[in-house]
Protein chains: 2
Amino acid sequence: MGSTANDVRSEPVELDEIDKKLLRMLAENARRTNNSMAAELAIAPSTCLARVNRLRETGVIRRYTVDVNPERIGRALQALIFVRIRPGARHTMSTFSSEIRGLRGVTQLFFLGGTDDFVIHLAVRDSHDVRQFVLDHLSANPAVASTQTSLVFDHLPGGPWV
Amino acid sequence: MGSTANDVRSEPVELDEIDKKLLRMLAENARRTNNSMAAELAIAPSTCLARVNRLRETGVIRRYTVDVNPERIGRALQALIFVRIRPGARHTMSTFSSEIRGLRGVTQLFFLGGTDDFVIHLAVRDSHDVRQFVLDHLSANPAVASTQTSLVFDHLPGGPWV
DNA sequence: TTTGAAATACCCTTAAG
DNA sequence: CTTAAGGGTATTTCAAA
């Protein structure tokens, strides 16, 4: 297959107005039927399908997914944890990130340049869980130089891409 | 309609193992067919459908959406911008956040407690765009006390919720 | 590329156990 | 919660413009 979906260094995909509208529609409701989108855009369903498939195959759409409301599953508390790795342990950073992602409550991970090396976006039940997370997975790790935790009062995800 | 979907203060929804597996499946591919999920879980399609509808109606699933790869649409550069509001202008914060979200390139907004008041997750074409964003929308705003920008080398979104 | 039509596959509802 | 069957709709393919 000659797909370029996973080649992150390939040229960006050119998007016309229809593509952008499709992305906005799908960002709002990824389960909208092809027919309803085609109708709204006044194009043929087959054309619409070809467009959407192209967005998927070229990797513009990485995946169709769900936006989970953390509060509704008992994760009432969100935090950003800023992590610095010890200068002598920088080479362990990729290992570290692999360990962190996949841990319960970790919803996002940012790999930064600058004073902090990582930002962990955590969604857990209460402050006890935050403390436990930091103790178990950060403070206990000799590669970690320091951490700083900030509470997230509000999180507005998934802004418009196009 | 007696839905509790928008009542963020209502009790969390109890999730059993099947619900959790459904969430994981849908997080990975929100467009999976009901039948295929039912088959994998060895439950009846009608049961499966009822489960998924319940997740949606109770607000556990806020929306079905797409994960867009910013690099594929020419947004090769991501940054986190940490913003402090002047103490005397704290009352303008909600106005400020409304203005920021919806701006081109803003993909997430965190409303924080702690030393910084906001974190803006930006995805743009190049460093020029970052600079322009900060100048136009942050530095120019008298409510903004300071900003600090960090480049995002890598972003791992959408970790497992359950 | 886009289209329209045809064939296939799938979903949703209902009713009954 | 499950099974089973119906009617209805969506998806997909493909030849032609």
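Labels below follow one simple rule: chain letters A, B, ... track the order of the sequence lines, proteins then strands, and each chain is numbered from 1.
- When heavy atoms are screened at a 4.0 angstrom cut-off, R54(A) is found touching no nucleic acid atom at all.
- The residue A44(A) sits close only to the backbone: its heavy atoms come under 4.0 Å of sugar-phosphate atoms, none of a base.
- Looking at every heavy atom in both residues, D116(A) comes nearest to R84(A) through OD1-NE, 3.2 Å.
- Atoms CG (N53(A)) and C1' (dA10(D)) sit 14 Å apart, rounded to a whole Å.
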Pairs counted as Watson-Crick or G-U wobble with both distances under 3.5 Å: what dot-bracket string results for DNA chain C, using | for bases tied to another strand?
-> |||||||||||.|||||
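- Nearest approach of C48(A) to L22(A), heavy atoms of both residues: SG-CD2, 3.8 Å.
- In this structure, P157(B) and D67(B) approach most closely via the heavy-atom pair CG-OD2, 4.0 Å.
- The phosphate of dT2(D) has OP1 or OP2 within less than 4.0 Å of a side-chain N or O from T47(B).
- Atom CG in N29(A) sits about 13 Å away from atom P in dA10(D), given to the nearest Å.
- The distance from atom CZ of R31(B) to atom P of dC11(C) is 13 Å, rounded to the nearest whole Å.
- Counting to the nearest Å, the P atom of dT11(D) and the CZ atom of R32(B) are 17 Å from each other.
- To the nearest angstrom, C1' of dA6(C) lies 15 Å from CG of L49(A).
- Within the 4.5 Å cutoff, no side-chain heavy atoms of R75(B) are placed close to those of T107(B).
- Protein atom CG of N34(A) is 18 Å distant from nucleotide atom P of dA9(C), rounded to whole Å.
- For L22(B) and dC1(D), the CG to P distance is 12 Å, given to the nearest whole Å.
- The distance from atom NZ of K21(B) to atom CZ of R51(B), rounded to the nearest 0.5 Å, is 11.0 Å.
- The two atoms that bring L122(B) and V124(B) nearest to each other are CG-CG1, 3.9 Å, heavy atoms only.
- At the heavy-atom level, T33(B) lies under 4.0 Å from the strands shown only through sugar-phosphate atoms.
- Here dT11(D) presents its P atom at 13 Å from CD1 of I43(A), a figure rounded to the nearest Å.
- Side-chain N/O atoms of R51(A) include none lying less than 4.0 angstrom from OP1 or OP2 on dT1(C).
- The distance between the ring centers of F111(B) and F118(B) falls below 6.0 angstrom.
- At the phosphate of dA10(D), OP1 or OP2 sits under 4.0 Å from a side-chain N or O atom of N35(A).
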